[in-house]
Asker: 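Just passing along the structure, written as structure tokens.
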There are 2 protein chains.
Amino acid sequence: MPDLRVEQPKSLVAIVEERLRNAIIDAEMRFGASLSEEALSEALGVSRTPVREALARLQLQGLVTIVPKKGTFVFAPTEEDVAELCVFRYMLETQALRECMSKARAAALAAMNDALAAMEAALAGGTRHDYARADTVFHEVFFQHCGNRYLGNAYRGVSGRVAALRTHLSVPLEGEQERSMAEHHQMVEAFAAGRLADLDSILHRHIMRAWDAYADVLRSGGDPV
Amino acid sequence: MPDLRVEQPKSLVAIVEERLRNAIIDAEMRFGASLSEEALSEALGVSRTPVREALARLQLQGLVTIVPKKGTFVFAPTEEDVAELCVFRYMLETQALRECMSKARAAALAAMNDALAAMEAALAGGTRHDYARADTVFHEVFFQHCGNRYLGNAYRGVSGRVAALRTHLSVPLEGEQERSMAEHHQMVEAFAAGRLADLDSILHRHIMRAWDAYADVLRSGGDPV
DNA sequence: GATCTCCAGTCCGTATGCAAGATACAGGAA
DNA sequence: TTCCTGTATCTTGCATACGGACTGGAGATC
């Protein structure tokens, strides 16, 4: 028998979750914005049940905050949050790169180059949101090739916040894309050459500089989008 | 006004989640056992809604597997799973210890000593399950004092599986508790002395030896409890 | 005996209804 | 004016109902 398997249609919960996740990440909603289950269910054309379940999942990803009997809100990062998130992100990414290098170097390098090309394209001809999305894809490559599902899961658990911060906070910064692009090139070079220590320090610089930028924006009045 | 605040009663979802989590971790249910929402809701005396939500959360912790339209099952680890989990656990714990050492050394040390004493007590006078629980508490100390919520969250995301493996797989092994206890003592000593490299290697040995033990049990026929 | 078909039982996905807590605001008392 | 209080209206928490999808087995067919 040939393989005729069809993929399952996504459940409403999954659809709603993805839709809301994108809305938050792409800054269609501001930090702290209120989300009523009923209003959402009406806007999305489904009942409250799948909306409710999707919100519960998003809470576990840190993208929304559910306050019992009060309401659900888009997450609102504090400076401290962002700092801890960046430190954690660095831990995960540096470990993932280590695993990539020792286990799937060629495949990872190829994927990184593809992602880099997409970033260049977005920088040249796309919007800043396009660039932010391509940036997100680049960093996901590490985890797709690291060969450890748990590492990937842990990253997925924070990737939403990371991506949201990227869009909300770095998109408006002038010159940020160009600096970021240069650092990504350096990372790929170091990876290709197998210089792990260099890679680590570039990654560290990359993430911590992003943190600085975010902190500045946060201090100067929160969500600018 | 004196502080009269009352704590919120836990939601049914939280209660059900905790109850099921404990049931799985304490090996009241075997790996792969089937969990019907309806049967659970009846057994727990609540409706299907909170049960359903609790199961969704447990899935994200990797403790159950939900197969659409078929049913929900207690997770069933493969050898590969366990290997990846151990590697990941080592990554998280070593990072957490590093943070503890640099940020909250005294408090962490005190808490580790407390946890160690509880383990000794369980080893001397408790059941093997008691020891397993005390072991779990010991490792949680790292994350309570590491000062990074994201690191703690990531650990919580796998701690259920770790704890479940501990109970299901290591409880039946002869002499395992004593070896484990000795290693924990070594860890605390190294931490107290600030010997980070030693600490790392002890932790690595500790986790990887546990992995060996689990793998043996798994190969010899799965869940023995 | 092997295979197919149908059916009953079980499970989940979703919609909806009701109850209870939280909040905002108007209106009255000091 | 200022403070308190009752109430309308919002929110979520949970229960329940219905329908579709899947599974396993009895019986028919070859």
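Keep in mind that what you see is a predicted model, and the values were worked out from it rather than measured. Letters A, B, ... are given to chains in the order of the sequence lines, protein chains preceding strands, and every chain is numbered from 1. Side chains are part of it too, since the values below use all heavy atoms of this structure and drop only hydrogens, waters and symmetry mates.
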Asker: Under 4.0 Å between any heavy atoms, over every strand shown, what does B:T49 touch: base, sugar-phosphate, or nothing? Just pick one.
Answerer: base

Asker: What does B:V13 touch in the nucleic acid at a heavy-atom separation under 4.0 angstrom: a base, only the sugar-phosphate, or nothing?
Answerer: sugar-phosphate

Asker: Would you mind telling me which residue lines up with the more 5' stretch of DNA chain C, A:G45 or B:E38, judged by nearest nucleotide?
Answerer: B:E38

Asker: C:dT16 P sits how many Å from A:E37 CD, rounded?
Answerer: 15 Å

Asker: For D:dT16 and B:R48 - does any side-chain N or O of the residue sit under 4.0 Å from the phosphate oxygens OP1/OP2?
Answerer: no

Asker: Could you state the atom-to-atom distance from CD1 of A:I15 to C1' of C:dG13 in whole Å?
Answerer: 12 Å

Asker: With sugar-phosphate meaning primed atoms plus P, OP1 and OP2, does B:L35 contact a base, only sugar-phosphate, or nothing at under 4.0 Å between heavy atoms?
Answerer: sugar-phosphate

Asker: Whether A:D212 and A:R209 form a salt bridge (side-chain N of Lys/Arg under 4.0 Å from carboxylate O of Asp/Glu) is what I want to check.
Answerer: no

Asker: Salt-bridged, B:E17 to B:R21, with N to O below 4.0 Å?
Answerer: no

Asker: Within the structure, does a side-chain N or O atom of B:K70 lie under 4.0 Å from either OP1 or OP2 of D:dT23?
Answerer: yes

Asker: Starting at CD of B:E53 and ending at P of D:dA15, how long is that distance when rounded to a whole Å?
Answerer: 11 Å

Asker: Please report the distance, rounded to the nearest Å, between CZ in B:R57 and C1' in D:dG13.
Answerer: 12 Å

Asker: Would you check if the side chain of A:H168 reaches a backbone N or O of A:I24 as a donor-acceptor pair within less than 3.5 Å?
Answerer: yes

Asker: Select one nucleotide: of C:dG21, D:dC14, C:dT14, the one nearest the side-chain heavy atoms of A:K69.
Answerer: C:dG21

Asker: Can you say whether the rings of A:H206 and A:H184 are parallel (under 30°), tilted (30 to 60°) or perpendicular (over 60°)?
Answerer: perpendicular

Asker: Rounded to the nearest Å, what distance is computed from the CD1 atom of residue A:I66 to the P atom of nucleotide D:dG13?
Answerer: 7 Å

Asker: Choosing from C:dC12, D:dA15, C:dA15, which nucleotide comes nearest the side chain of A:L12?
Answerer: C:dA15

Asker: In whole angstrom, give the distance that lies between atom CG of B:L40 and atom P of C:dT10.
Answerer: 16 Å

Asker: Take atom CZ of B:R52 and atom P of D:dG13, then tell me their distance rounded to the nearest Å.
Answerer: 16 Å

Asker: Report the distance from atom CZ of B:F73 to atom C1' of D:dT23, rounded to the nearest whole Å.
Answerer: 11 Å

Asker: Between B:T94 and B:M91 (side chain of the first, backbone of the second, donor and acceptor by atom type, cut-off under 3.5 Å), is there such a pair?
Answerer: no

Asker: It should be established whether B:S47 places a side-chain nitrogen or oxygen under 4.0 Å from OP1 or OP2 of nucleotide D:dT16.
Answerer: no

